[in-house]
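A quick write-up on the structure given underneath.
Being a predicted model, the structure only gives us computed values, none of them experimental. Below, read A as the first sequence line, B as the second, and so on, with proteins coming before strands; counting in each chain starts at 1.
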2 protein chains.
Amino acid sequence: MAVKKKDHGRGTALASSLPAAGMQVKGRLWLEKDGEAFLSWGRVVLLERIRDLGSIAAAARSMEMAYSHAWSMVADINRLAGEELVSRTFGGRKGGRAWLTPAGEKAVAGFWQLVARFQEWIKHQQF
Amino acid sequence: MAVKKKDHGRGTALASSLPAAGMQVKGRLWLEKDGEAFLSWGRVVLLERIRDLGSIAAAARSMEMAYSHAWSMVADINRLAGEELVSRTFGGRKGGRAWLTPAGEKAVAGFWQLVARFQEWIKHQQF
DNA sequence: ATTTGCTATTTATTTTTTAGAATAACGCAT
DNA sequence: ATGCGTTATTCTAAAAAATAAATAGCAAAT
């Protein structure tokens, strides 16, 4: 397998330093709202997949994640954001669909900007 | 309980930004050697406890960690370092003891220096 | 009305991770 | 030589996390 589908787990690094003597500094960032996990790598990837694929079910499948898990993540994200980052309808010929609101798009973009700064910082760290 | 004893788990942040609107940037760093986890917060705390308490068993107890888990962490750390960061003897009146080698002390100090830089960086990040 | 494929929700199962228990070996001190 | 509390090691149990399964509701299109 060329690229792992499930490369967004908890222990997985978001950034890493340039290797020196086989030793690398690895790191991970996430956002908390009122002390509760709000956005992390995996969650932001999920949001992007929802945007790209148009449904929570398809997004979950593409990440080899259980639908119920993806669904509860979306519920948490919307609740903690205090507004909908993901909107959806259900019913209809195609069963329903889900999409990112403008606030959702902003959150995704903002997270990746933060990650980019982190990657830049960590690149210059050494042990 | 004033201070949690087990505050060094995988999902626990090493650093966090100043809270803005209830939203905080949290982060975690670790070191990998040849792609395998080498030093992380929990492992470095374990090394410090070994230094302070003089045995792996006492260190594990103080962190409410199973001895067998602490023991295998020490084995991994020494293996990945390519030299002993923790030395030990066994047998004797007091059963045996463990201590940090100079290389072990250096590793602990170096890790906290890295963490300090990380905390300084993340403090100024915002989402 | 029926079909369709999703959302929504709960419950059960599996997997993974971590803790715990149990046993042997060790060697110094008594 | 015996007792002691550790290191060392393996195996089992428990806890946590993730997946899977199962069911109902929905509304557009046929």
On the nucleotide C:dT18, are OP1 or OP2 found under 4.0 Å from the side-chain N or O atoms that B:His69 carries?
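So the side-chain polar atoms of B:His69 never come under 4.0 Å of the phosphate oxygens OP1 or OP2 of C:dT18.
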Within this structure, what is the [atom1]-to-[atom2] distance between [X] and [N], rounded to whole angstrom?
| X | N | atom1 | atom2 | result |
| --- | --- | --- | --- | --- |
| A:Ile50 | C:dC6 | CD1 | C1' | 13 Å |
| A:Glu84 | C:dT7 | CD | P | 13 Å |
| A:Glu64 | D:dA17 | CD | P | 21 Å |
| A:Met73 | C:dA8 | CE | P | 16 Å |

Between [X] and [Y], is there shared hydrophobic-cluster membership here, with clusters defined by ILVMFWY side-chain heavy atoms closer than 4.5 Å?
| X | Y | value |
| --- | --- | --- |
| A:Val86 | A:Leu53 | no |
| A:Met63 | A:Met73 | yes |
| A:Trp71 | A:Trp99 | no |

For a quick check under 3.5 Å, do B:Ser55 and B:Arg97 share a side-chain donor-acceptor pair by atom type?
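There is no such pair between these side chains.
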Do A:Glu32 and A:Trp30 pair up side chain to side chain, a donor and an acceptor below 3.5 Å, judged on atom types alone?
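Yes - a donor-acceptor pair under 3.5 Å links their side chains.
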Which nucleotides of nucleotides 1-9 of chain D have their base under 4.0 Å from a protein heavy atom (B), which only their sugar-phosphate (S), and which neither (-), written as one string 5' to 3'?
--BBBBBBB
Option from A:Gln125, A:Gln119, A:Lys26 for which side chain to side chain contact (heavy atoms under 4.5 Å, CB included) with A:Ser16 holds
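It is A:Lys26, the one option of A:Gln125, A:Gln119, A:Lys26 that forms the side chain to side chain contact (heavy atoms under 4.5 Å, CB included) with A:Ser16.
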Between the side chains of A:Arg49 and A:Asp52, is the shortest nitrogen-to-carboxylate-oxygen separation below 4.0 Å, so that they form an ion pair?
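Looking at A:Asp52 and A:Arg49, the cut-off is not met.
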Roughly how far, to the nearest 0.5 Å, is the CG atom of B:Asn78 from the CZ atom of B:Arg88?
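So the CZ of B:Arg88 and the CG of B:Asn78 are separated by 5.5 Å.
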Can you list, in residue-number order, the parts of residues 35-47 of chain A that come under 4.0 Å of DNA chain D, counting heavy atoms only?
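Residues of residues 35-47 of chain A under 4.0 Å from DNA chain D: none.
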